[in-house]
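Worksheet: the structure to be examined is printed underneath.
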Amino acid sequence: MTCHAMCHLQVDSECTFGVLGPIYLPPHAVSIPRTEVPMEAIIGVTVRRKETISQFSSGDASRYKDSEENTQPHGSAKEKQDKQKKGDEERDEEFIKVFDGDSSLRRRLFRVIAVNRQAGLNQVLVQALRAFHITKDPDQFYLTDLYSEDEDVLHDPTPVLKLHRKEGKRPATFLRFKGRDNYSGEVRVYPGKLKISQAFCTIPVDSKTTVGDLMKESLARFDLDYQFEELRCLEVLLDRGVTERVLSWNERPWDIMKSLGHDSIRQMELMRFYLQLRKDPHGPNVALFIGSLPPNLSERLYENILTDLLGKENKFLKVGPIYYEYGSMVVNFQDSDTAVRALYILRNARLDEKQPLLVMLLPNIEETMIPKEVHPLLVFVNIKSGGCQGLELISNFRRLLNPYQVFDLDIGGPLPGLYVFRNIRNYKILVCGGDGTIGWVLQCLDNVGQDSRCDSPACAIVPLGTGNDLARVLRWGPGYTGGEDPLNLLKDVIDAEEILLDRWTVVFHPEEKTDKPEDNAKQVNSTGKKRQKLCRLKLTNEQIKKAVAAGSTSEDNSQILVMNNYFGIGLDADLCLDFHNAREENPGKFISRLHNKSVYVKMGLRRIVGQGKVCIKDLHKLVQLEVDFNRVKLPNVEGIIVLNILSWGSGANPWGPLTGDERFRCPTHYDGLLEVVGVTGVVHLGQIQSGLSRAVRIAQGKHIKIHLRSDIPVQVDGEPWIQSPCEVVILKSALKATMLKKKKFKRRGTEPNLDPTAGDGEKEGAQPGQREPGPTNWQNQTDDVEKSSNSQVASNEDSQHATSSVSVSLQATSSQNQ
């Protein structure tokens, strides 16, 4: 921030993170174990690290490295030395290596200064101090000759000419601190994570001052009301990473400074004294996230695997929580040293010669250090979605936000981020990906909800997938193009309103009946396992009884899924399955949203001309439908779609407007109802996607039961497969997701006119606080792009069953997708 000289008086001294303050995770609330573990091992954050090399105080000096580091042949090195010596004589300058202590000599770390041969001692000393960025009084330091026998101290008038030299080496000196002659000095004390506006205080010390005296004086300077016994003092070194040591009360801070200065002047400059609460609010434990384990094992087996890999000397404190379905868990260690040893052991471990284990060191967030008005944003980015857009987004979000609130879904999935945020009472989630990625995050939220204080955080979306139907309904757009400003995306998340999204449990019961006694025993076990799965989905007892009863004759092959968007049977699922198989064969080709949609068009053309698979005829004879326990007669259709949201197939609305049809209620994604529609063929499918027609409305209800009599393609939220004969039961789940819907901002000259009387009242089934859309403005539940196409549906509703040219419909579909 920049401001005028007078304006700065009105600016708060404490940073509030500007417009991102409501969602910014405060840095002081995050605790990172201070170890030598690189940052890329912590939640996948990567940084550029500089190699430890010799540093130079002059740009020209970089050309004059010491010959002993030269790896060229002896002849070329000799020639280089001769040229170098000749150049030095011409410039009448001397390049001198400066070591700042014994430790730097052992590590061969030095800096080079360029001085005139006739320079005085004070001039050389000042150059050496500047090379190490030391601003203290030069009278506290002196120079010695490294190559002399007794490390002679340099004196005037011409110290450079008196330096000892070795063949093939440049002259070298030690920069020393006058520790023996300095009986007093000053040290800085920092408040650390204590809530103090003052950055540090300077305390005068001498050889008799103890750490206890230093702490008492610091408490007085900081005006803190802590008891002396509640705090401790740490010695923190910032050179080559961060290391810390707890000091005892009787240690002498000035002796510590002088001892450190003998080893390295730079380390002495980078040493800090920090005050810290004796009882760490973050706790002493260090957590490791471990993934890529065999799924669905018992807790005892997971503990045995860890013990075998780590050994008894690296004993963990506790295991948990365990995410059995994903083969992942969190392991806590009592101290950071043991955790670091375990991290490196597990990263090099292999189980059955498969892929290596995924191991991450997790940060810890102290919820009490987050202001009440701040709701931190947890960002998940699927870098595999949308070509390279995911990589661009994760980089931008980590620059704008705290890097430890942005997680890469390619590293461990959503579970590490959800575990890190488990103690925060109120936070939001931003999912960057397609509909499948959103379902993945919501599914993981279901699994960790019992261990989290916030069991249903509100979720926003940056659409990176192909269809992005849920993102369209919530007004986040048809797809991220890369031209949007990431800062504006975050502002939209802050301004978005919370709404509820109905979620549904889809239970597949195979129809294999048996009367054998042993199979009856399997059936009892199957029923028990089925009941456990349904209980984990938080269904009511009545819903559990219905689901178990519906599959009481089945074996232990039931499949339970959660549906957020839609469920398809027949033609729609068959095309989706073809696309899925093509992408599995050549995943590298399906990185463009436009290319993916063009593949759908080609598959539809092949079906029409008869080159593809035979379309599913007479689907109404292979499927039996019950809605709210009433048998529904199916029309002659080739596909059935059960809708939860008003967007399908990349923005189309198969249900259409309610004008002239009073048999059904106005559908929303939070009314507790599902809409069942039918598709008569590929041409009809193209007409729906192009806005020339709508699907055949079949039914609307809360409880759907479908009996499949043969192998039929099905899909749940875009995940297709061939389903064998079974009964499909779709139940209302108690797992209602809280979503963030983007606020609608008027754009000059581009906003469509809406019915001013629409949505003035709340109707039955509407979400509290949300207005039920009227009969003429159902488009409020979808994206603006869909509004223009659906207005065509209203005017062309009577032509639903009319024949249409295949080329016209497919061109319209391609045009809309573009």
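In what follows, residues are counted from 1 in the order of the sequence shown.
- Checking side-chain atoms of W476 against main-chain N and O of L740 turns up a donor-acceptor pair under 3.5 Å.
- By the 30° and 60° cut-offs, the orientation of the rings of W721 relative to F508 is perpendicular.
- The side-chain heavy atoms of L464 and L393, taken from C-beta on, include a pair separated by under 4.5 Å.
- The shortest side-chain heavy-atom distance between P635 and I698 falls under the 4.5 Å cut-off.
- Taking CZ of R475 as the start and NZ of K741 as the end, the distance is 4.5 Å to the nearest 0.5 Å.
- Aromatic ring centroids of F567 and W504 lie 6.0 Å or more apart.
- Between atom CD1 of residue I730 and atom NZ of residue K705 there is a gap of 12.5 Å, rounded to the nearest 0.5 Å.
- Here the rule is side-chain contact (heavy atoms from CB on, under 4.5 Å) with K742, and of V493, D495, D492 only D492 fits it.
- Between the side chain of R694 and the backbone N or O of N653 there is no donor-acceptor pair closer than 3.5 Å.
- Side chain of Q700 to backbone of R665: a donor-acceptor contact under 3.5 angstrom is found.
- At least one side-chain heavy atom of M739 sits less than 4.5 Å from a side-chain heavy atom of I461.
- For the pair Q715 (side chain) and G718 (backbone), a donor-acceptor distance under 3.5 Å is present.
- In the model, Y566 has a side-chain atom that pairs as donor or acceptor with a side-chain atom of D469 under 3.5 Å.
- By the 4.0 Å N-to-carboxylate-O rule, D502 lies close enough to K732 to be salt-bridged with it.
- Atom CG of L474 is separated from atom CG of N468 by 11.5 Å, given to the nearest 0.5 angstrom.
- At distances below 3.5 Å, not a single donor-acceptor pair connects side-chain atoms of N565 with backbone N or O atoms of D717.
- N382 contributes no side-chain N or O that, together with a main-chain N or O of L409, makes up a donor-acceptor pair within less than 3.5 Å.
- With contacts defined as side-chain heavy-atom distances shorter than 4.5 Å, the pair C444/Y326 qualifies.
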